[in-house]
Amino acid sequence: MIDLRSDTVTRPTKPMLEAMFAAQVGDDVFNEDPTISALEEKTAALFAKEAGLFCPSGTMTNQIAIKVHTQPGDEVICENTCHIYNYEGGGISFNSGAQAKLLAGDRGRLNAKQIEENINPVFDWMARTSLVSIENTCNRSGGSYYSLAGMKEISELCKKHSLKYHLDGARIFNALVETGDSPQSVGILFDSISVCLSKGLGAPVGSVLLGDKEFIRKARRIRKVFGGGMRQAGYLAAAGIYALDHNTKRLKEDHSRAQILAAALGSLSFVENILPVDSNIIIFTLSDKMKSEDMVAKLKEKHIISTGFGKQTIRFVTHLDFTDDMLEKTVKALKAL
Ligand SMILES: *Cc1c(COP(=O)(O)O)cnc(C)c1O
């Protein structure tokens, strides 16, 4: 099977598994797992943050950040298509009793001016705006990414208005390999960052939440309340360390393969529109001649699996386990549709 549904479908490679088997572990609820501590310190240092917290998922790292940064009744400014609002089970209200102010971005990206226009004035009858959360790269908007200047402008605005600033960096390394910016230059702009190890980086499990020491101290407590305090999870953290050491630079390859897939799709008469392909996500729309479920089914017959995103839209995601050989087969299969 050639799996283009998501970059979460990767399996650990042999050297990653070897690193996992070799991990030193301990009880992390007692703060005694040296491999988890090493991963947390390594990721924090990479993004110039004081501390890190290893969590089972990116949903948990995002939701912990929202919980620490807000009080019930507060408002979180985020973008229409963002993961924290659309794909985390209503967690903003469920976990934090907060509400979202959804803004329409430019392919998922917000700008400082529109955020400023949407900060509530201080009245008893208005929700208190306390947090701005952005996503980079923007998943549902087709893998677009922010410029450093764009993120910095929002950072300055947040400081001016005493708002907290969170980055859902599930695919932050996909953005960084394109812009060439250092993780530190992005890290210093935010109060908290969620980095996923189980997306393009190929680890089986886990995300790291980053922030200052005081933030992580609070986050650690919330993680326990959410049921995310793990014991000898150093075996998983070892995969994360391996992923950071070996799998960030190569993301460029996934992006080049995505370009080739997009070009092949562009030559098909029934493909009406393809969102600009900026990283490893390809979202395209079909004309009336073809329904997305039919195209997904036809590809499946050829052992290629993809995700229908509504009636006429399909998403492909390239990743570590999508090889050049698979790319060639997919291009051939597409052209034969
Ligand atoms: C995948 C993803 C997450 C976290 O998802 P988990 O499956 O909970 O790890 C968060 N944000 C974005 C943009 C994502 O794509």
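As the structure lists them, so they are numbered: ligands from 1, and atoms in each ligand from 1. Count residues from 1 along the sequence.
Here N62 has side-chain heavy atoms under 4.0 Å from ligand 1, and that is the only part of it that gets that close. Residue D168 touches ligand 1 through its side chain alone, judged by heavy-atom distances below 4.0 Å.
Heavy-atom proximity to S57, at under 4.0 Å, picks out these atoms of ligand 1: 8 (O), 9 (O). Residue contact check: E135 has heavy atoms under 4.0 Å from atoms 13 (C) of ligand 1.
In this structure, the protein non-hydrogen atom closest to atom 9 (O) of ligand 1 is G58 N, 2.8 Å. For atom 1 (C) of ligand 1, the closest heavy atom belonging to the protein is K199 NZ, 1.3 Å.
Taking the six-membered ring where the residue is Trp, the centroids of F54 and Y235 are separated by 6.0 Å or more.
Heavy-atom proximity to atom 8 (O) of ligand 1, evaluated over I84, I281, T8, T59, is greatest for T59.
Here the shortest heavy-atom pairing between Y165 and L189 reads CD2-O, 3.2 Å. Nearest heavy atom pair, residue L157 against residue A112, reads CD2-O, 3.4 Å. Contact record, T10 with K199: OG1-O, 4.3 Å, taken as the closest heavy-atom pair.
Checked by distance only, ligand 1 and R171 come closer than 3.5 Å through their nitrogen or oxygen atoms. For ligand 1, the polar-atom distance check against E88 finds no nitrogen or oxygen pair separated by under 3.5 Å. Checked against a 3.5 angstrom limit, the closest N/O atoms of M60 and ligand 1 fall outside it.
When only modelled atom types and interatomic distance are considered, S130 and D74 share a side-chain donor-acceptor pair under 3.5 Å.
In this structure, R221 is not positioned above the aromatic face of F226 in the sense of NZ or CZ being under 6.0 Å from the six-membered ring centre and within 45° of the axis.
The aromatic rings of F316 and F284 lie perpendicular to each other, with more than 60° between the two planes, well past the 30° mark.
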